[in-house]
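Data first, discussion second: the structure below is written as structure tokens.
By convention in this document, chain letters (A, B, ...) are assigned in the order of the sequence lines, proteins followed by strands, and residues within each chain are numbered from 1.
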Amino acid sequence: MLILRWLADQALRGRELISLALTLGLGLWISASPAHVQKKWRTAWTGTILYPVQSVIGRMQVRWSLENELTDQRRANARLVAANARLSEVARIREDLQEFEPVRNRLEYAVVGARVVTRDPLRLGGIWILDAGTESGVGEGMAVISSEGLVGRILSSSPGHSQMQTIADPDCRVSVLSARSRSPGILHSADGAGVFVEFSVTSDIRAGDSLVTWGAGGIFPRGLPVGQVVEVRKMPANVLRNARVVPFQDPWTVRDVFVILRPPELRVLPDSSIYFQATRGRT
Amino acid sequence: MNLSSLEKHDLSGFLGVPIALLAQVAIVPAASIYGIQPSLLLVVFVLFAFRNGALPSIWMGFLCGTVLDTYSSGTAGAFALAMTVVGYSVGQLHERKIHVGYSLRVGILGLAVLTHDGIWHLASRHGASHLPLFLLRTSLPGALYTMLLGAIAFAIRPPRTQARAW
């Protein structure tokens, strides 16, 4: 066994020596060759054995450069998509402004544009946040409209943002008139979902009537479009009637609004403490 | 050489040396300090020789040297000779036969660099009279830099066997 192992070691060692002799011989032969032989050897070596390696490396480099280029193109594409979205938004705002232009010409007061930043996604009513605040002149009690109609009123304003109460908020009441008969009613929302107008049995309000703001209370200017009566319902007591109203401005779709820069007028009854007191000094 | 005998060797080492050869050309020039470059190829090659012995190291050295010769402008065959001799010499210290300590391995790496450069210098017919100056001025700084690199590499890849030390 030991003899076999010794023989194997010798064979391995012999293989090493043969390999060493072979490689050293080749190396010496190449290095001792004339220059033109070395050139031929280099050309042959490069063109045959090393060519596949160079080809693979070259293809890998091409692939890497293409991947880098693809990454750059994707980044550029993302930037363009973002720019496109921004420009589309600007175009949409411009369209809204153009739609609002005839309305603004009819208004007696200055307006300032604002964007709805947040709102309740589950119901129509509630408090919305607008991106215009005191720096734009927005103040408490100001009416908020769109090119379609009344949207709500400002509850409070701060630098950079303001809170708006929609007409579909359960705590909001708006005095309205039928544009046809001038009969008054009170617009309200019981659950923040639907909008209703409540009026006396003597008031002449029918389905299909357009409602506008009355101006009573001094919060909303007179004549702002509010909505259309779609269904009149009798109440059990037969004293008041209730009608379902579809607002002209769909609260789900409004994004840009306009705040009428008009402080609420004083309409304070002697025994009331809940009305606005914007005209300070006159009380 | 069948598969089982290949498995006895460090297969990653067979790929590591050519990769180190590419890195030596592509990356190492960026690590140059005052014109002194380490030889990453020799670090990996010496590690390979420690791990795989003389026979694979002879052929690996010859092949890598031949590739270097092909792309160098000097005398063809000089790198092949130098790498072959280094491979054979260091391969005698195969870690399955002899355990070489960490500091000795780093020292052998330095000697390998000097041997490699010396053989290359002579094979390139630059003259034996200039050899000491060449080794002192050009080869020695590179050898020290390479030893520094090798000290890190050998610390990361210690010997796999615990053969008896000298």
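Residue B:Ala123 comes nearest to A:Ser31 through the heavy atom pair O-CB, 4.3 Å, listed as atom of the first residue, atom of the second, then distance. Taking all atoms of both residues into account, the shortest heavy-atom contact from A:Gln38 to B:Ala76 is OE1-N, 3.1 Å. When all heavy atoms of A:Ser19 and B:Leu55 are compared, the pair lying nearest together is OG-CD1, 3.1 Å.
Note that the OG1 atom of B:Thr84 and the CG atom of A:Leu20 stand 7.5 Å from one another [nearest 0.5 Å]. With rounding to the nearest 0.5 angstrom, the CG atom of B:Leu63 is 10.0 Å from the OG1 atom of A:Thr23. With rounding to the nearest 0.5 Å, the separation of CD1 in A:Ile30 from OG1 in B:Thr66 is 6.0 Å.
For A:Leu22, the part lying near chain B is the side chain, with the backbone staying farther off; criterion is any non-hydrogen pair under 4.5 Å. B:Ser57 does not touch chain A: none of its heavy atoms, backbone or side chain, sits under 4.5 Å away. Contacts of A:Thr43 with chain B are absent, with no heavy-atom separation under 4.5 Å from either backbone or side chain.
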key: Intermediate values then yes/no, side-chain contact (heavy atoms from CB on, under 4.5 Å), A:Leu24 and B:Phe62   = CA-CA 9 Å; A:Leu24 285 181; B:Phe62 181 73; over 6 Å; no

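Most heavy-atom pairs under 4.5 Å with chain A: of the set B:Asp69, B:Thr70, B:Thr75, B:Val85, this distinction falls to B:Thr70.
Note on residues 41-67 of chain A: pairs passing salt bridge (Lys or Arg N to Asp or Glu O under 4.0 Å), not counting sequence neighbours, are A:Arg63-A:Glu67.
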